[in-house]
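Report on one structure; see the data block that follows.
Atom set for the values below is all heavy atoms of this structure, side chains included, hydrogens, waters and symmetry mates excluded. No experiment lies behind these values; they were computed from the predicted model shown. Within every chain, numbering begins at 1; the chains are lettered A, B, ... in the order of the sequence lines, protein sequences first and strands thereafter.
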Amino acid sequence: MRVAHGRGAPWWGTAWLLSALLVGCSAAPVPPPQTPKMQAVLPESGRHPVDIYDPWEGFNRRMYRFNAQFDLYVYLPVVHAYERVMPAFAEAGVSNFFANLTEINSFINALLQLKPRVALKAGARLLINSSIGLFGLWDPASRLGIIQQREDFGQVLAHYRVAPGPYLVLPLLGPSSLRDAPGLALDAWVFGRIDPLDFEHHSERQPPFYILKAIDARHRVKFRYYQTGSPFEYELVRYLYIKKRELDTAK
Amino acid sequence: MGIRLGVVLWCILLASSGRAESYDYPFSNPLVATVIGTPLAFQASLPAEIPVRQLELAQAPLRSIPAIFWYTARFKFSLVAQPGPAPLMFVIAGTGASHNAGKMQLLQRIFHQAGFHVVSLPSPTNPNFIVSASSTGVPGHIEHDSEDLYRVMRQIWRQLSREIQVTEFYLTGYSLGGAQAAFLARLDDVRRAFEFRKVLMINPPLSLYNSAKILDAMLADNIPGGLDKIHLFMDELFARLMKLYRDEDQVSLSDDFLYRIYQKQPPEDANLAALIGISFRLTFTNMLFASDVITDSGYLKPQGVTLSVTDSLTEYFKAASRVGFIEYFDAYFYAYFRRHGVASNRRTLLDSLSLRAIEDYLRRTDKITLMTNADDLILAPGEVDYLRRVFGRRAKIYPSGGHCGNLAYKDNVAFMTAFFEP
C-alpha cells in the first residue's frame with residue numbers, strides 16, 4: 001500500500017503513540033502508604049474538583065515533564081529568537097495567515113455539527129481575509145465584527161455525545177484527551193487532502209510551512225511551565241483543560 | 001445677614017476647593033476592588049513593555065533538590081535594569097507569589113518608569129523560595145524568612161554588581177512582602193549591607209494570624225453546603241462563565257475582562273469572598289506540600305518516601321487543600337519549631353508573627369512609610385487604627401481599594417513615585 005507522503009498525519013505516528021501508551025499503562029506506579037493526616041482527611045472529603053479520570057497518569061506526567069524540558073531547552077529559545085528577529089506587525093501577519101487557514105477546518109467541522117451560522121462565520125472570514133486581507137496576512141473580518149470561532153473535530157465528536165475519555169498529554173502538543181487527539185489528526189488529514197497551498201506539486205513549501213506554524217503556535221500561547229511554582233501544576237492544567245473543552249463544546 | 005451668608009458661602013467654597021482630597025477609585029466594595037483591581041481607564045500611564053530579564057542565583061542550592069522539584073532547583077528572580085547608574089529597588093512579592101506575578105510586573109513597570117533598577121523577589125511562602133532558599137523549609141516565621149530574604153538579596157547584589165551601577169538601595173513589598181520589608185529594614189539597620197534610604201510597606205498584614213483567619217473564613221463561610229461541596233461551586237462558576245461566553249461573541253482574557261463581566265452582571269459578595277478564599281487556600285496548599293516534602297516532616301507525604309515525577313500527587317493536593325491556617329499553625333508549624341527546640345511556648349510564637357513584635361522600631365524609624373486602605377480585607381477591626389497610630393504622618397491610608405486593588409490607580413502610582421523621589 002503506497003502511503004501518500006506529505007498529506008495529513010503519518011500513519012506510523014499513531015502506531016508509535018499507541019505503543020507508548022501501552023508501555024505507560026503497564027508501568028503504573030503503586031501509591032505509597034498514607035500518613036495519619038491523609039487517612040484522617042481523605043475519606044471525609046467530597047468529590048474534589050481536581051479529581052479527574054486519568055488512568056494513564058504515569059505516562060502523562062512523564063510526557064508533561066518532557067514537554068516542559070523541551071520548552072525550556074528547544075522550543076522557547078527558538079521562539080525568542082523569532083520574536084527578536086521579526087517586527088511585531090510581521091509576527092501578527094504570520095499569526096493571521098495560519099489562523100485564516102484553520103477556517104477551512106472550522107467551516108467543515110461546523111457543518112458536521114449542523115451549525116450553519118457558525119459555518120457561515122468561518123466561510124465569511126476565510127473569504128474576506130483571503131481576499132481583502134491579502135492571503136490571510138490581515139484580519140479585516142474581525143474589524144467587521146465577524147469574530148473567529150474555532151471548531152475542531154474533537155468538538156464534532158463532542159456534539160454527537162462522544163465523551164472525552166481519558167486525559168492524555170501529547171508530546172509537544174500538550175493536554176488533550178482520547179477523543180480530541182485523533183480529532184487533531186483527522187483535522188490535519190482533511191487539511192492535507194484539501195491542500196490549499198498545493199503541497200502536492202510544491203513539496204518544498206512544506207518544511208518552512210510546518211516549522212513556521214509550530215513557532216507561531218508557541219509564540220501565541222503565553223503559558224510558561226511552572227511560572228507560578230505550584231507543585232500541583234499538572235493537576236491544575238488537567239482541570240483547566242477539561243473545563244476549557246467543556247466551554248469550547250458548549251458553543 | 002449678608003455677612004453671615006457671605007461667611008457661609010466662603011466656607012463652602014473653601015471646603016470644596018480641594019482642601020478635602022477626593023479619591024476617585026471606582027470601587028467602594030472592598031471585595032470587588034480586591035478581585036477586579038483597577039480598570040484600564042483608571043490606571044496610571046505606564047510603559048507597555050519593559051526590558052525584564054528572568055534570572056537565577058548562580059549559587060548552589062542549600063539542599064539536595066527532590067526529583068519532583070527539578071524545575072525550581074535554583075532561586076529565581078527578575079531584573080529590570082536602567083542603562084546607566086541608578087538607584088535599585090528591591091520588591092518582595094505577596095503571599096505565595098512568584099517574582100513575576102501580576103502585581104510584581106505592575107510594580108516593575110512603575111519603578112522602571114520612575115528611573116530605578118528593579119529586582120523582584122518571590123515570597124518566602126512561594127515554593128521556589130521554600131525549595132531553593134529557605135533555611136528551615138518552613139515558611140511563615142517572619143523573622144527567619146526575613147533572614148533568608150536578606151541573605152539572598154546580598155547574593156543577588158554580589159551577582160549583579162558587575163553588570164549594573166547602583167547609586168542607592170530602596171525596598172518595597174506588598175501584602176506579606178510589605179510586612180517583611182519592615183523586618184528587613186530593621187535587620188539592615190544592624191547589618192548595613194544596603195542601608196536602604198526609603199522603605200514602603202504596601203497593604204501589609206498586622207497580625208499574620210488574624211489575616212490568615214480572615215482569609216480562611218472567606219472560604220469556609222461562602223461555599224454553599226460547606227467545603228465538601230466545593231466541586232459544585234466550581235462547576236457553577238464555570239457554568240456561569242459558559243453562559244457569558246455563549247452570550248458574548250468572544251471571550252478574551254484581556255485586562256478588562258473581569259471588569260466587563262462585573263459591569264454586565266455584578267457577582268454577589270459571597271461569591272467574591274469565596275474566590276478570594278479559594279485563591280488564598282491554593283497558595284497555602286502549594287506552600288504546605290512543598291514544605292512537607294522539603295523537610296520530610298511526614299505530615300502529608302510519609303517520611304522517607306521519595307516521590308518520582310510519575311507519581312500521582314492528586315491525593316496530596318486533595319488533603320493539603322483541606323488544611324486551614326490554624327491547623328497548619330498547630331499541627332505543622334508549631335510542631336516543627338518545637339521539635340527543633342526553637343519554640344517552647346505557643347503564645348510567644350504566635351505573638352512573633354506580627355508587626356506588633358517590632359512596634360518600637362516602627363514608631364522610631366523615619367525611613368518607613370505605610371500605604372494601605374481603610375477597607376483592606378486582611379485587616380481585622382481596629383488594626384487600621386493601630387497602624388495609623390504607630391506610623392502617624394508616615395501612614396498613607398486611602399478610603400477604598402480593598403487588598404491591593406488600587407495598586408495601579410493613578411493616585412496610588414503618583415504617591416509611590418513621589419515618595420521614592422530622591
Quick one: what part of [X] sits under 4.5 Å from any heavy atom of chain A, side chain, backbone, both or neither?
{"X": "B/Phe69", "answer": "side chain"}
{"X": "B/Lys229", "answer": "neither"}
{"X": "B/Thr72", "answer": "neither"}
{"X": "B/Ile68", "answer": "neither"}
{"X": "B/Val323", "answer": "side chain"}

Quiz prompt | Steps toward side chain to side chain contact (heavy atoms under 4.5 Å, CB included) verdict (B/Phe317, A/Leu236) | solution = CA-CA 10 Å; B/Phe317 189 143; A/Leu236 294 169; 3.9 Å; yes
Okay, side chain of [X], backbone of [Y]: is any donor-acceptor separation there less than 3.5 Å?
{"X": "A/Glu235", "Y": "B/Thr314", "value": "yes"}
{"X": "A/Thr35", "Y": "B/Tyr299", "value": "yes"}
{"X": "A/Arg61", "Y": "B/Asp311", "value": "yes"}

Self-check item: Residues of residues 237-244 of chain A within contact distance of chain B, non-hydrogen under 4.5 Å
Solution: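 Only A/Arg238, A/Tyr239, A/Leu240, A/Lys243 of residues 237-244 of chain A have a heavy atom under 4.5 Å from chain B.
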Quiz item: What parts of residues 87-96 of chain A touch chain B if we use heavy atoms and a cut-off under 4.5 Å?
Solution: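 Listed by number: none.
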For the residue pair [X] and [Y], what are the closest heavy atoms and their distance?
{"X": "A/Lys37", "Y": "B/Leu300", "answer": "CG-CD2, 4.2 Å"}
{"X": "A/His48", "Y": "B/His231", "answer": "C-CB, 4.4 Å"}
{"X": "B/Ile230", "Y": "A/Pro49", "answer": "CG2-CD, 3.8 Å"}

Validation row: [X], [Y] side chains within 4.5 angstrom (heavy atoms):
{"X": "B/Asn286", "Y": "A/Pro231", "answer": "yes"}
{"X": "B/Tyr71", "Y": "A/Tyr225", "answer": "no"}
{"X": "A/Tyr226", "Y": "B/Asn128", "answer": "no"}
{"X": "B/Thr285", "Y": "A/Phe232", "answer": "yes"}

Quiz item: Under 6.0 Å from the CD atom of B/Glu56, do we count more than 12 heavy atoms belonging to anything else shown?
Solution: yes
Self-check item: Residues, nucleotides or ligands: over 12 heavy atoms within 6.0 Å of A/Tyr73 OH
Solution: no
Exercise. Dump the intermediate steps for side chain to side chain contact (heavy atoms under 4.5 Å, CB included) on A/Gln227 and B/Asn100, then the final yes or no.
Key: CA-CA 8 Å; A/Gln227 190 167 48; B/Asn100 55 358; 3.4 Å; yes
Exercise. Apply the test side chain to side chain contact (heavy atoms under 4.5 Å, CB included) to residues A/Met38 and B/Glu315: give CA-CA distance (whole Å), side-chain angles for both, the deciding distance (0.1 Å), then the verdict.
Key: CA-CA 8 Å; A/Met38 297 281 281; B/Glu315 298 298 294; 4.0 Å; yes
Quiz prompt | Proximal component of A/Ile52, with respect to chain B [non-hydrogen, under 4.5 Å] | solution = neither
